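Okay, so here's the structure we're looking at.
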Amino acid sequence: MCKTSNMTGTLYLSGGGPAHDEEAMWRTMLAGNPRILYWPFALPAAMLAGAHEWLTETLAQFDFGGTFEMWTAPSEHEHAELCEFDVLLVGGGNTFKLLHEIRTHGFLEPTRQFIQNGGTYYGGSAGAVIACDDISIADGHDPNEVGLTDLRALALVNHLAILPHYAPTDEKAAQRWAQQHRTRLVGLPERTGLIVTPTTILVAGHEPAWTFSDSQAELHPPGTLLHNA
């Protein structure tokens, strides 16, 4: 059983760029050399070996002295094993595949419990999208090859959706999506992320984030606190 705690963990949600563009987020997340669990479930099988190499090289950039483990398939593990780690790192790829793998093997609620008990969550690209209430924003960006119909996700951060890899050319489509879904949408460029605590959402990185609502688009430079509605 996980040790119970009144603490709620921190979320690091990335726009999908390389780690050196998110240095401040990574250094904060890696402070104290935590035990990291890496889920590359959004990737096709052919890319899994490269995923291990990518994280090894990334952690070396930050002189990381802790440990990490990569799971290639959730079916090979028990829910209780999450308790052995401090950071859950969920990488990018196909958002529908990622959610399908996590839900099929019953890891949605254990992941929520991990965060509730003080664990840290890093979501890159698809990993950031599934931290929200649902992944409907992925429709049209990722192919739904698994035929997922229930798009409800982790709901670690409520009442907003995240569009990673955001570029200025996405503005009109992002505004239209926010209006149609009546959901606040955060556009995260690849050099930008969000650091989410129980009371704050901080824009972190090198470029502004954008928020889109029913009526307006707003630019938020790094260091801006968004309303945690």
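What you are looking at is a predicted structure, and each value in this text was computed from that prediction instead of being measured.
A ring-centre distance under 6.0 Å is found for Trp54 and Tyr38.
When every heavy atom of Phe212 is checked against every heavy atom of Ala178, the shortest pair comes out as O-CB, 3.5 Å. Listed here is the closest heavy atom pair of Gly193 and Met25: CA-SD, 3.8 Å. Nearest heavy-atom pair, Gly124 versus Ser14, reported as atom, atom and distance to 0.1 Å: CA-CB, 3.9 Å. Smallest separation of non-hydrogen atoms from Asn94 and Ala126: C-CB, 4.4 Å. Heavy atoms only, all atoms of each residue included: Glu171 and Ala217 are closest at OE2-CB, 4.3 Å. Ile135 and Ala153 make their closest contact through CG2-CB, 3.9 Å (heavy atoms, listed as atom of the first residue, atom of the second, distance).
When atom types are taken as modelled, the side chain of Lys97 and the backbone of Leu43 share a donor-acceptor pair closer than 3.5 angstrom. A donor-acceptor pair is defined here as one N or O able to donate and one able to accept, closer than 3.5 Å; no such pair exists between the side chain of Glu190 and the backbone of Gly16. With hydrogens and angles ignored, the 3.5 Å screen pairs no side-chain donor or acceptor of Arg184 with any backbone N or O of Thr211. Using modelled atom types, no side-chain atom of Thr104 and backbone atom of Glu101 make a donor-acceptor pair closer than 3.5 Å. In this structure, the side chain of His206 engages the main chain of Asp21 through a donor-acceptor pair within 3.5 Å. In this structure a side-chain-to-backbone donor-acceptor pair under 3.5 Å is present from His181 to Trp177. In this structure, the side chain of Asp86 engages the main chain of Arg35 through a donor-acceptor pair within 3.5 Å. In this structure a side-chain-to-backbone donor-acceptor pair under 3.5 Å is present from His79 to Gly106. Judged by distance alone, with hydrogens and angles left aside, the side-chain atoms of Thr28 form a donor-acceptor pair with the main-chain N or O of Ala24 at under 3.5 Å.
If you take OH on Tyr122 and CD1 on Ile195, they are separated by 11.0 Å, rounding to the nearest 0.5 Å. The NE2 atom of His141 lies 10.0 Å from the NE2 atom of His165; values are rounded to the nearest 0.5 Å. Taking CG from Leu13 and CG from Leu156, the interatomic distance works out to 8.0 Å, rounded to the nearest 0.5 Å. Taking CG of Leu226 as the reference point, atom CG of Leu160 lies at 8.5 Å (rounded to 0.5 Å). Distance check, rounded to the nearest 0.5 Å: OG of Ser213 to CG of Leu185 gives 10.0 Å. Rounding to the nearest 0.5 angstrom, the gap separating the CD1 atom in Ile162 from the CG atom in Leu194 is 5.0 Å.
Within the 4.5 Å cutoff, side-chain heavy atoms of Phe62 are placed close to those of Arg27. Side-chain contact between Phe96 and Glu145 is absent, with no heavy-atom pair separated by less than 4.5 Å. Contact annotation: the side chain of Leu88 never approaches that of Thr120 to less than 4.5 Å [non-hydrogen atoms, C-beta and beyond]. Contact annotation: the side chain of Leu59 approaches that of Trp26 to within less than 4.5 Å [non-hydrogen atoms, C-beta and beyond]. Contact check for Arg103 versus Leu148: side-chain heavy atoms found under the 4.5 Å cut-off. For the pair Trp210 and Asp170, the minimum side-chain heavy-atom distance is 4.5 Å or more. Looking at Val129 and Pro164, their side chains come closer than 4.5 Å, going by heavy atoms from C-beta outward.
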Next item on the list: Starting from the C-alpha separation in whole Å, work towards a yes-or-no answer on side-chain hydrogen bond (donor to acceptor under 3.5 Å, both in side chains) for Thr183 and His159.
Entry: CA-CA 7 Å; Thr183 299; His159 310 302; over 6 Å; no
Checklist line | Glu207/Tyr166 under side-chain hydrogen bond (donor to acceptor under 3.5 Å, both in side chains): CA gap, chis, key distance, verdict | finding: CA-CA 11 Å; Glu207 298 179 49; Tyr166 177 80; over 6 Å; no
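In this structure, Phe68 and His52 have tilted ring planes: the angle between them lies in the 30° to 60° band. Using a 30° and 60° split on the angle between ring planes, Trp39 and Trp71 fall in the tilted class, from 30° to 60°.
A salt bridge between Asp134 and Arg152 is absent, with no side-chain N of the basic residue lying under 4.0 Å from a carboxylate O of the acidic one.
Each of Asp139, Asn144, Asp142 was scored for a side chain to side chain donor-acceptor pair (under 3.5 Å) with Thr95, with one residue passing: Asp142.
Note on Tyr12 and Val186: separate hydrophobic clusters, where clusters join Ile, Leu, Val, Met, Phe, Trp and Tyr whose side-chain heavy atoms are under 4.5 Å apart, directly or indirectly. If you chain together hydrophobic residues whose side chains sit under 4.5 Å apart, Leu154 and Ile115 fall into the same group. Residues Ile130 and Leu89 are members of separate hydrophobic clusters, defined by side-chain heavy-atom contacts under 4.5 angstrom among Ile, Leu, Val, Met, Phe, Trp and Tyr. Each of Met29 and Val90 belongs to its own hydrophobic cluster when Ile, Leu, Val, Met, Phe, Trp and Tyr are linked at side-chain heavy-atom distances under 4.5 angstrom. Note on Leu82: it does not cluster hydrophobically with Leu55, by side-chain heavy-atom contacts below 4.5 Å among ILVMFWY residues.
By the neighbour-count criterion of 12 heavy atoms within 6.0 Å, atom CD of Glu78 is sparsely surrounded, having that number or fewer from other residues, nucleotides or ligands.
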